[in-house]
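Notes follow once the structure below has been shown.
This chain uses plain numbering: 1 for the first residue, then up along the sequence.
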Amino acid sequence: MENTLGDQGRIASAGMEAEALPGRDLFVVAKCLVPTDAYVLQGCLVAGGVPAVVADANHVQADLLIAPALGGVRILAPAEYLQQAEEILAAYERGDYQLDENTDVGEPD
């Protein structure tokens, strides 16, 4: 599906709206209230080839009660990776990366 840049700096793509950051080629692809959740999502995106970064985690970690006021922790990705990011985030939501109780994760080092 083709991406279209709207007047409010958003890109709509097959069910995902990504918010543009003024003056940058980065778009907010997801938000989390808990920084650890944001880093898990970032790890999935990076493992899938999307150069994603986490923003605002330090503010939220300092005081979790201000997370809703700040809008949560943002996960950012470049515009050319938005479709790929959408697919990875949808796979995460479906549970494609979930480990069951019988998964062998190896012995600790």
Rounded to the nearest 0.5 Å, what separation is found between the OH atom of Tyr81 and the CD1 atom of Ile88? 11.0 Å
If I take atom CD1 from residue Ile75 and atom CG from residue Leu26, how far apart are they, to the nearest 0.5 angstrom? 12.5 Å
For Asn102, what residues pass the side-chain hydrogen bond (donor to acceptor under 3.5 Å, both in side chains) criterion, not counting sequence neighbours?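 By the side-chain hydrogen bond (donor to acceptor under 3.5 Å, both in side chains) rule, Asn102 matches no residue at all.
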Holding to side-chain hydrogen bond (donor to acceptor under 3.5 Å, both in side chains), I want the full list of residues that pass it with Asp100, two or more places apart in sequence or in another chain. Thr103
Which Ile, Leu, Val, Met, Phe, Trp or Tyr residues join Leu65 in one cluster when any pair of side-chain heavy atoms under 4.5 Å counts as a link? none
Hey, quick one: are [X] and [Y] part of the same hydrophobic cluster, counting side-chain heavy atoms closer than 4.5 Å, chains of contacts allowed?
{"X": "Val34", "Y": "Val28", "answer": "no"}
{"X": "Leu70", "Y": "Val73", "answer": "yes"}
{"X": "Ile66", "Y": "Leu64", "answer": "yes"}

When the side chains of residues 39-62 are checked against the rest of the protein, which donor-acceptor pairs come out under 3.5 Å, sequence neighbours left out?
residue: Gln42; atom: NE2; partner: Ala52; partner atom: O; Å: 3.1
residue: Asp56; atom: OD2; partner: Arg74; partner atom: NE; Å: 2.7
residue: Asp56; atom: OD2; partner: Arg74; partner atom: NH2; Å: 3.3

Between Gly72 and Leu33 the two heavy atoms that sit nearest each other are CA-CD2, 4.1 Å
Glu87: partners by side-chain contact (heavy atoms from CB on, under 4.5 Å), with sequence neighbours left out: Gln83
Once salt bridge (Lys or Arg N to Asp or Glu O under 4.0 Å) is applied, what residue pairs with a partner in residues 37-52 remain, sequence neighbours excluded? none
Taking the side chain as everything from C-beta on, heavy atoms only, tell me whether Val29 gets closer than 4.5 Å to Leu76.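 Heavy-atom side-chain distance check fails, nothing below 4.5 Å.
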